[in-house]
Structure formats: C-alpha cells, structure tokens
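Input: a single structure, listed below in structure tokens.
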Amino acid sequence: MDVSRILDPLNDAQRQAVCAEQGNVLVLAGAGSGKTRVLVHRIAWMLAAEGITPYGILAVTFTNKAAGEMRGRIEQLLGIPSSGMWVGTFHGIAHRLLRAHWKEAGLGQSFTVMDSEDQLRALRRVIREMGLDESQWPAKESQWYINARKDEGLRAKHLDHQNDTHLRYMIEIYAQYENYCQRSNVVDFAELMLRSHELWLQNPEILRHYQQRFRHILVDEFQDTNTIQYAWLRLLAGQHCAMFAVGDDDQSIYGWRGARVENIQQFSRDYSNTSVFRLEQNYRSTGNILNAANGLISHNAERMGKNLWTADSDGELIQLYAAFNEQDEAMFIVERINDWVNGGGLRSECAVLYRSNAQSRVIEERLIQSGMPYRVYGGLRFFERQEIKDALAYLRLVNNRDDDTAFERVVNTPTRGIGARTVDTIRETARGSGISLWRAAYYLIEHKQLAARALSALQQFLYLIDNLHKSIDGLALHEQIEHVIHDSGLIDHYKKERGERGRARLENLDELINAGRNFDDEDRDPEQAEVDTLTAFLSHASLEAGERQGDEWDDCVQLMTLHSAKGLEFKQVFLCGLEEGVFPHKLSMEEPGRLEEERRLCYVGMTRAKQKLMISYAEKRRLYGEEKFARPSRFISEIPREYLEEIRLGGSVSTPVYDQFATRVEDNDAPLQLGQRVFHNKFGEGIVMNYEGNGRHARVQINFSTSGSKWLVMEYANLQLC
DNA sequence: ATATAGAATCTTTTT
DNA sequence: GATTCTATAT
C-alpha cells in the first residue's frame with residue numbers, strides 16, 4: 001500500500017494526529033478543519049502502515065449519515081470494502097450487540113425497537129393504567145424524565161424520591177414503564193445504550209470478547225456524548241484499547257438532550273497518556289467570517305481554547321441588515337438570493353438558517369411569491385409517516401405478538417368494530433394478569449368474556465394476524481410487506497381518503513414495498529445473517545428513519561434550523577432573526593450555561609458560510625400571533641465591529657443601525673430586558689412584557705402583580721430594577 | 001364512529 | 001397564527 005496517498009493530502013497538524021503513536025488521542029477539531037478527513041485517514045493509516053486488521057476497529061458516530069459517509073470515504077481511499085470493521089452509530093452498534101446476545105440481555109429473540117412516538121404512546125398507556133390524570137402527568141414530561149435518567153445510566157430502582165411526591169410518581173411511572181417494555185418485548189432508543197452497557201457489566205466473558213476484539217476505538221463528535229455513552233466507551237476500552245476521539249467543544253449544541261462537553265476534559269483525565277492535537281486551520285470560510293466567529297465565541301468562558309485561521313483571503317465583510325419587521329427581513333433575504341442567482345450562482349448554494357422552525361413560514365411565503373424553489377429540512381421522515389407506521393405495526397405484530405404498542409395501533413385500524421370499550425376490557429385483563437394484550441385477547445375469546453359482536457370482531461383480528469404470519473412465511477421481504485398491507489385492509493382504508501393526501505399515502509405504501517425490495521441486498525448486516533430479514537428490516541426502520549423530505553436533485557434554496565445545519569456548508573449563508581428572545585431564545589437566556597450554548601449555536605451557524613455571510617434582525621416581529629418589539633441579539637454586538645458592514649436597501653442610509661443597537665445593548669440605563677422585574681412607586685412590582693422604541697422615549701408594557709398590565713413611558717416611569 | 005368546536009400550547013433533534 | 005389534541009355531540 002502506498003502510504004503517500006494517505007499522508008499527502010494532509011496538513012501538518014492533521015498528519016500528526018493521523019500518525020500519532022498508538023495510544024489514546026484527542027483531536028480538537030475546529031469547524032471546517034477536516035475532522036472527518038482525519039478520522040478516515042487515521043483508519044487508513046492504521047490498516048496500511050501499522051498492519052492493524054479491520055476486524056479490530058470500531059468507529060462510532062451519532063448519525064447514520066456520518067457513519068455512511070465515513071464508511072464510503074474509507075472504501076474510496078483504500079479502494080477496498082471496509083468489511084470486518086464496525087462502523088456505525090452508538091445506537092446501531094448497541095442494537096447489534098443486543099441482537100447477538102439477546103438471551104444474556106434478558107430480551108426475547110424478536111424484540112422490537114420503538115421510536116420516540118411509540119415510546120410516547122406506550123407511556124400514555126402506562127400512565128392511564130396507573131389511574132393517573134393525564135393532564136397532571138403529561139406523557140411528554142415522563143418521556144423526557146425517563147430518557148434523561150437512562151442517558152445517565154439510571155434505572156427506576158436506582159432512584160430515590162427524597163420525599164418529593166412529584167418525583168415519587170415519576171419514578172413509579174418509570175418503573176411501570178420498564179415492566180411494560182419487558183412484557184411487550186420492546187426497547188426504546190435510550191434502552192439500547194443502557195442495556196448493552198449492563199450486558200457487558202453482567203457478563204464479563206462477553207465484555208472480554210469485545211475488549212479483545214476492538215483494540216482501536218474511534219469516536220466522532222465526542223462533545224456530543226452523554227453519560228451512558230461515555231461509560232459504555234470506557235467499559236469497552238478497558239485497559240488495553242487505544243481510543244481516538246475527535247470533537248470540538250465550541251460546537252457542543254446538544255447539552256439540552258444530555259450531551260456532556262465535560263467528557264472531553266474528562267477524557268484526558270481518565271486516560272493520562274492522552275496526546276492532544278488541535279486542528280485550527282480552516283478550509284471552508286473566508287478570513288472575515290472566521291475572525292467574526294472567533295470574536296463571538298471568545299465571549300464564552302468555558303472553553304478549551306482554539307482559534308481558527310485560514311490561508312484564504314479576507315473576503316467580503318459580513319453584511320448586517322436591520323429589517324423593519326419579519327416581512328421586510330424575508331424580502332431582503334429573497335432579494336439577495338435573487339441577486340446571487342442572477343449573478344450565476346446556484347440556489348442550492350444559499351442557506352437560510354433560523355433558531356426555531358416557526359420562523360420558516362414567512363420566508364417560505366416570500367420565496368413562493370417570487371417563484372424561487374426551496375427545500376425545508378426537518379419535516380416528517382419516511383418511516384415516521386402515519387401510513388408507514390400502520391403498516392410497520394402490522395409487521396411488528398406478526399413478528400412479535402407481544403408488542404403491545406403495535407397491537408394498540410392497529411387493533412382497530414382500519415376500523416373493524418373493536419371499539420374503545422372492548423380494548424379497555426383487553427387492557428384490564430392484560431394488566432390483571434401481567435400479560436400482553438395479544439394474550440389477553442386470546443384469553444377473553446377462549447373464555448367468552450365479551451359481547452358476541454365484539455367477540456367475533458376480535459376473533460377476526462386475531463385470525464388475520466395469525467393467517468398473515470402463516471401466509472408470508474418463506475416469502476421475500478417485499479412480498480411479505482405487500483401481502484400485509486393488502487390483507488390488513490390498509491390499502492382499501494387509505495383509498496377512501498380523498499384528495500392529494502390519500503394518493504400520497506398510497507404512494508408511500510408502495511414505496512415501502514420498494515424499500516423492502518432494496519433492503520435484502522444493501523442494508524443487511526453481514527455479521528448478523530442469522531437474524532431473520534423481517535426483524536432486521538423492522539429494526540432498520542426504527543433506527544434509520546430515512547431521509548427528510550425534499551427533492552435533492554433540484555437546485556433549490558436550503559432552509560433549516562441552526563441545529564440541523566451542523567456539519568454542512570454553503571457558499572452563502574443567511575442567519576436571520578437575531579433578536580433577543582428569538583436568538584438567544586428566551587427560554588435559554590436565564591442560565592449562563594444555556595446562554596453559552598446559544599452562543600455556540602450562533603458560532604456553528606456563522607462557520608457554515610464559505611463566501612458570504614448575512615445577518616439580519618427585525619425591529620418588530622409577529623410571532624405566535626402577537627406583534628412584539630425586540631432588541632437586536634447580543635450576539636451581533638459581540639462580533640468585532642470591523643468585520644461587519646451595515647447595509648440598507650435602496651441606498652437610503654439614515655441613522656447607522658449598528659450605532660443604535662450598540663448603545664442600546666451596552667447602555668445599562670436602558671434596562672429593557674423582557675422579563676425583567678421592576679418596581680414602580682405607584683404600581684409596585686411588575687415584569688416587563690413588551691416595549692416600543694428605545695432610549696428615554698421608549699414605552700414599556702409592564703405587568704404589575706397588583707394592578708395588571710400598563711404601558712408607561714420610560715422617561716417618566718422612574719422604574720427601579722429588582 | 002366520526003365530525004366539529006374549543007382549548008392548549010408553541011425551542012433545538014438523533015437514535 | 002397554526003397546529004394538535006380533547007371533549008362533546010350526533
């Protein structure tokens with residue numbers, strides 16, 4: 001193997017990381033510094049130069065996309081298939097382990113993986129069965145609580161209610177939910193990590209086997225690992241494994257779902273012989289964009305320290321546009337895109353990034369108006385669509401009769417005369433005897449404990465599932481799917497739905513058959529040939545919900561949230577809605593830690609831009625039906641001024657907007673922070689709800705605890721901060 | 001079993 | 001403002 005192909009395309013820092021001596025390595029890779037390249041070349045280097053066998057390598061990522069990309073690039077670089085190597089997501093690999101050791105993990109052989117919607121439905125049922133009021137104990141909250149505990153590696157039995165009633169119920173719901181999952185032979189996403197971790201802890205011989213096999217672990221996006229994922233890695237690594245972790249603390253934007261940036265620092269502490277490398281040369285953006293981003297992120301206190309630089313030229317200044325309102329902002333963005341396209345640029349080279357999905361609507365409307373094709377990321381994915389989930393539920397039930405989530409979903413879809421009353425009876429029986437719904441239904445029929453009509457309807461349903469099981473045995477996967485969606489009546493059911501939507505649903509069901517046809521050859525895991533195809537397909541559907549909607553091939557403007565933009569790059573980026581309360585989001589403004597995460601999010605957004613970055617904010621914005629005034633985001637004032645250029649449309653430059661907000665933000669005698677508690681001599685204590693204008697002439701709306709909401713003029717109000 | 005009206009609620013997202 | 005769920009009526 002010619003090693004120069006691996007080393008030549010690298011810069012010094014990259015090469016040092018790639019060729020680092022065997023041992024633990026931490027690579028702090030800034031945005032656009034060639035993070036994936038280093039991972040891929042490191043693997044290639046180990047295989048080609050160090051004589052390490054692919055069989056001993058495990059590479060973990062967070063998304064299927066990243067895993068696929070890594071695998072593809074390894075194969076491209078080496079010119080051979082990457083077989084034997086494990087490259088996958090944390091959840092994908094945990095799932096693989098559980099399939100291989102289902103018995104030791106305490107699962108049934110054909111256990112099913114629930115997605116978050118399934119999990120929510122399951123929790124609704126558990127809460128209802130506990131006789132709790134659903135409005136007082138929202139399933140969403142329990143789901144959040146349970147997943148957060150699982151991400152910390154904690155089971156219900158580890159938790160202490162500390163005499164807190166609320167907590168006690170939460171833990172009880174958790175415990176009941178664990179029972180439910182065990183009974184139904186299903187696992188949720190967090191459970192995959194937690195249970196595979198326990199599998200290793202409780203079966204030292206299995207752990208030893210994997211420890212001996214995987215002497216080289218590579219981890220992508222290390223800053224996004226949560227507690228259980230890090231514990232899982234440490235356990236697998238044991239004493240003799242070399243870990244190669246790549247991450248960027250400045251791009252940690254998933255703290256709210258349990259990711260712990262601290263794991264990066266912890267890594268060097270836990271593995272004392274760790275060599276640390278920094279990749280700071282950026283190959284993506286112009287100098288001005290990088291300097292602006294560096295300036296912004298320097299306002300964060302908790303950093304490992306890193307400064308991106310480029311050999312590229314300064315490029316254009318970052319343009320700042322102060323819009324009158326959100327309509328004006330949208331108009332500005334679309335006009336700029338038009339200019340770009342007229343100048344020969346592609347629409348797909350432009351991305352509009354926003355903090356929250358609700359912001360996309362106005363921009364979409366404006367794009368439609370000017371006939372500009374666009375694509376919004378973040379809609380429903382293929383395997384999450386209603387009709388697809390219905391079909392999958394039938395398949396799941398055929399595959400695993402105890403899957404209560406699937407049973408509940410399809411027992412009366414399409415309607416077949418099994419009403420709420422009957423299902424209630426089944427549930428009660430199931431709960432009374434601690435059995436699955438399927439078994440309870442069987443029991444009720446055998447003992448004729450239902451009204452005649454319901455009994456025969458239910459019997460029909462059980463026959464249907466049993467017959468489906470028999471008739472699809474031995475068929476190819478796509479034939480199985482086709483059979484099930486026809487015989488279940490789903491096709492007829494959706495044929496009745498009129499209009500565009502019904503037609504789309506039928507098309508999707510057709511597409512599901514197609515997915516089954518393609519699955520056989522492509523997506524099977526060669527090391528798990530003994531798992532039957534249907535089971536593998538169902539797991540695939542849960543673990544890899546498919547691409548987001550949109551025609552990739554069309555040349556269209558890209559619209560997405562800042563979170564979904566991570567890892568992508570565009571020649572021209574619009575960062576919009578930079579207003580206090582929108583970005584940083586009002587729910588993240590209180591805690592310093594969360595605010596720093598918002599700032600990192602802004603940093604991520606800025607560093608997506610290759611050539612042109614445009615930042616905009618609206619002085620007045622209609623959001624959630626109400627019109628509100630907002631101050632420009634503090635993030636704007638944190639960008640060093642020399643990299644910004646304020647622009648106005650139509651050339652009518654009046655007061656420089658930058659000056660306006662600069663004084664507004666920095667002046668402490670204008671405490672117009674929304675949500676600020678204030679004291680008024682006559683009205684007492686209140687909270688700032690809204691304001692209009694700025695400086696001394698501003699009018700402020702304050703909600704007083706004793707006398708209600710009032711508009712006051714700052715100049716005369718004489719407010720005191722509390 | 002379905003249709004409709006009223007109410008609630010509205011970061012960010014992958015697996 | 002728009003969606004999504006819940007309660008009630010038919």
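Reminder, nothing fancy here: chain letters follow the sequence lines and each chain counts from 1. All values reported here derive from a predicted model rather than from experimental measurement.
Listed by chain and number, the residues in a side-chain hydrogen bond (donor to acceptor under 3.5 Å, both in side chains) with A/N400 are A/T112 (sequence neighbours excluded). Applying the salt bridge (charged side-chain N to carboxylate O under 4.0 Å, His left out) criterion to A/D250, with sequence neighbours excluded, gives A/R303, A/K306. A/H166 is linked by a side-chain hydrogen bond (donor to acceptor under 3.5 Å, both in side chains) to A/E141, counting only residues two or more places apart in sequence or in another chain. Remark: A/R622 pairs with no residue by the salt bridge (charged side-chain N to carboxylate O under 4.0 Å, His left out) rule, at least two apart or across chains. In this structure, the salt bridge (charged side-chain N to carboxylate O under 4.0 Å, His left out) partners of A/R155, at least two apart in sequence or on a different chain, are A/E178, A/E191, A/E198.
Ring geometry for A/Y145 versus A/Y174: interplanar angle over 60°, hence perpendicular rather than tilted (30 to 60°).
For A/R594 and B/dT11, a side-chain-to-base donor-acceptor distance below 3.5 Å is present, hydrogens and geometry of angles not being considered. Judged by distance alone, with hydrogens and angles left aside, A/S116 brings no side-chain donor or acceptor close enough to the base of B/dT13 to form a pair under 3.5 Å.
One C1' atom belongs to C/dT3, the other to B/dT14, and the distance between them is 23 Å to the nearest Å. Rounded to whole Å, the separation between the P atoms of C/dC5 and B/dT12 comes to 16 Å.
For B/dT12, the base is anti relative to its sugar; the glycosidic angle deviates from 0 by more than 90°.
To the nearest angstrom, P of C/dG1 lies 14 Å from NZ of A/K628. Distance, A/Y354 OH to B/dT11 P: 15 Å, rounded to whole Å. One interatomic measurement links the two molecules: NZ of A/K586 to C1' of B/dT12, which rounds to 13 Å at whole-angstrom precision. The interatomic distance linking A/F383 (CZ) with B/dT14 (P) rounds to 16 Å, in whole Å. Rounded to an integer number of Å, the gap from NZ of A/K140 to P of C/dT4 is 11 Å. Atom CG of A/D115 is separated from atom P of B/dT15 by 12 Å (rounded to the nearest Å). In this structure, A/F189 places its CZ atom 8 Å from P of B/dT15, rounding to the nearest Å. A/D220 places its CG atom 15 Å from the P atom of B/dT14, with the value rounded to the nearest Å.
Both A/I253 and A/T63 sit near DNA chain B, but only A/I253 has its closest nucleotide nearer the 5' end.
Taking the six-membered ring for Trp and the full ring otherwise, the centers of A/H563 and A/Y377 sit at least 6.0 Å from each other.
Within the 4.0 angstrom heavy-atom criterion, base atoms lie near A/E598. Looking at heavy-atom distances under 4.0 Å, A/N64 makes contact with sugar-phosphate atoms alone, never a base. Using a 4.0 Å heavy-atom cutoff across all strands shown, A/F62 reaches sugar-phosphate atoms only and no base atom. A/S588 comes within 4.0 angstrom of a nucleotide base, judged by non-hydrogen atoms across all strands. Residue contacts shown for A/F90 are absent, as no nucleic acid heavy atom lies under 4.0 Å away.
Figure legend: cation-pi geometry between A/R99 and A/F111, with NZ or CZ positioned under 6.0 Å from the six-membered ring centre and within 45° of its axis.
In the set B/dT14, B/dT12, C/dG1, B/dT12 carries the atom at the smallest distance from any side-chain atom of A/N357. Listed nucleotides: B/dT15, B/dT13, B/dT12. Nearest to the side chain of A/L543: B/dT15. Proximity note for A/H585 (side chain, C-beta onward) versus C/dG1, B/dT11, B/dT13: the nearest is B/dT11. With B/dT15, B/dT12, C/dA2 as the candidates, the nucleotide lying closest to the side chain of A/W256 is B/dT12. If you check B/dT13, B/dT12, C/dA2 against the side chain of A/R361, the one that comes closest is C/dA2.
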All N/O pairs under 3.5 Å across the protein-nucleotides 1-7 of chain B interface:
residue	atom	partner	partner atom	Å
B/dA1	OP1	A/N412	ND2	3.4

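Note on A/Y624: a side-chain N or O is less than 4.0 Å away from OP1 or OP2 of B/dT11. Residue A/R257 places none of its side-chain N or O atoms closer than 4.0 Å to OP1 or OP2 of B/dT15.
A/L98 places a side-chain heavy atom less than 4.5 Å from the side chain of A/R195.
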